[in-house]
Visitor: 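After the structure tokens below, expect a handful of questions from me.
In what follows, every heavy atom counts, from backbone to side chain, and hydrogens, waters and symmetry copies are set aside. Atoms within each ligand, like the ligands themselves, are counted from 1 in listed order.
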Amino acid sequence: MWKMPIQMVLTVGAIIVGSQLAMAAPKEPDRPPVDLLKGKQIFSKYCVGCHGPEGRGGGYLLLGPDPVNLTRPATKKTPDALLLQTIHEGKPNMPSWKGRLSEEESRAVLAYIRALKK
Ligand code: HEC
């Protein structure tokens, strides 16, 4: 009985907090609102292979760092700007997406990651 509403509250809370963090970021004051559905579509297309359908990792394992569990506390605590940088520039074993995702698409997929359940 209790589980569903609490998870829904947490999810909605995460979306609200995430979007407020995004709004609070300096530099781009009049950015359009993020599109979670678009974020989900991008995630399913490009990111699931490594980060898994729920973002917990468990996809492709290459030599070197494993795909991050994007629901882990360390990622939740990492500021948007740093995660966007990782998405744009890539990391060892993480491709760079800046040629393929627009600024708006990167923000949408980040918002989706932020909204993933723990
Ligand atoms: C080829 C596998 C692969 C694909 C595809 C991939 N990633 Fe990653 N990702 C990784 C790996 C490996 C890491 C960890 C890199 C490290 O820590 O050095 C990572 C790390 C990250 C991080 C940093 C998390 C943190 O806590 O700092 C974010 C954010 C991220 N990925 C988002 C995405 C998004 C969004 C996509 C799709 C657009 C994506 N990734 C596609 C392999 C992948």
Side-chain angles (χ1 to χ4, degrees):
M1 277 304 270
W2 272 105
K3 267 201 154 169
M4 270 302 284
I6 285 174
Q7 284 185 338
M8 281 169 62
V9 167
L10 288 179
T11 305
V12 171
I15 293 168
I16 292 169
V17 169
S19 58
Q20 278 176 348
L21 283 178
M23 311 258 267
K27 278 189 190 164
E28 293 122 311
D30 45 7
R31 182 187 314 134
V34 285
D35 185 343
L36 271 186
L37 187 64
K38 193 193 230 177
K40 184 181 172 142
Q41 286 164 351
I42 294 166
F43 192 84
S44 316
K45 195 164 160 196
Y46 296 124
C47 322
V48 161
C50 292
H51 289 287
E54 293 171 333
R56 290 168 209 228
Y60 276 126
L61 295 184
L62 305 166
L63 228 62
D66 291 340
V68 164
N69 175 351
L70 296 169
T71 66
R72 67 184 181 162
T75 301
K76 296 253 179 224
K77 280 192 221 135
T78 307
D80 283 4
L82 277 181
L83 296 183
L84 279 173
Q85 189 183 330
T86 300
I87 295 170
H88 285 167
E89 308 298 331
K91 285 230 182 168
N93 284 359
M94 160 91 181
S96 154
W97 296 97
K98 73 179 159 209
R100 281 167 283 190
L101 296 180
S102 69
E103 186 66 28
E104 194 203 336
E105 287 169 331
S106 306
R107 287 189 187 284
V109 78
L110 178 62
Y112 179 68
I113 290 171
R114 292 285 193 212
L116 287 169
K117 275 192 239 126
K118 261 194 227 142

Visitor: Please tabulate, line by line, the atom pairs linking an N/O of ligand 1 to a protein N/O at a distance below 3.5 Å, with the distance in Å to 0.1, or answer 'none'.
Guide:
unit_1	atom_1	unit_2	atom_2	d
ligand 1	7 (N)	H51	NE2	2.8
ligand 1	9 (N)	H51	NE2	2.8
ligand 1	26 (O)	R72	NH2	2.6
ligand 1	26 (O)	T75	OG1	2.6
ligand 1	31 (N)	H51	NE2	2.8
ligand 1	40 (N)	H51	NE2	2.7

Visitor: Could you check if a side-chain atom of L70 sits within less than 4.5 angstrom of a side-chain atom of F43, using non-hydrogen atoms only?
Guide: yes
Visitor: What pair of heavy atoms forms the shortest contact from G64 to N93, and how long is it?
Guide: C-ND2, 3.5 Å
Visitor: Please examine the side chains of Y46 and V109, heavy atoms only from C-beta on, and report whether any two atoms are closer than 4.5 Å.
Guide: no
Visitor: Scan residues 39-57 for pairs that pass salt bridge (charged side-chain N to carboxylate O under 4.0 Å, His left out), counting only residues two or more places apart or in two chains.
Guide: E54-R56
Visitor: Nearest 0.5 angstrom please: H51 NE2 to D66 CG, how far?
Guide: 11.0 Å
Visitor: Roughly how far, to the nearest 0.5 Å, is the CG atom of D80 from the CZ atom of R114?
Guide: 4.5 Å
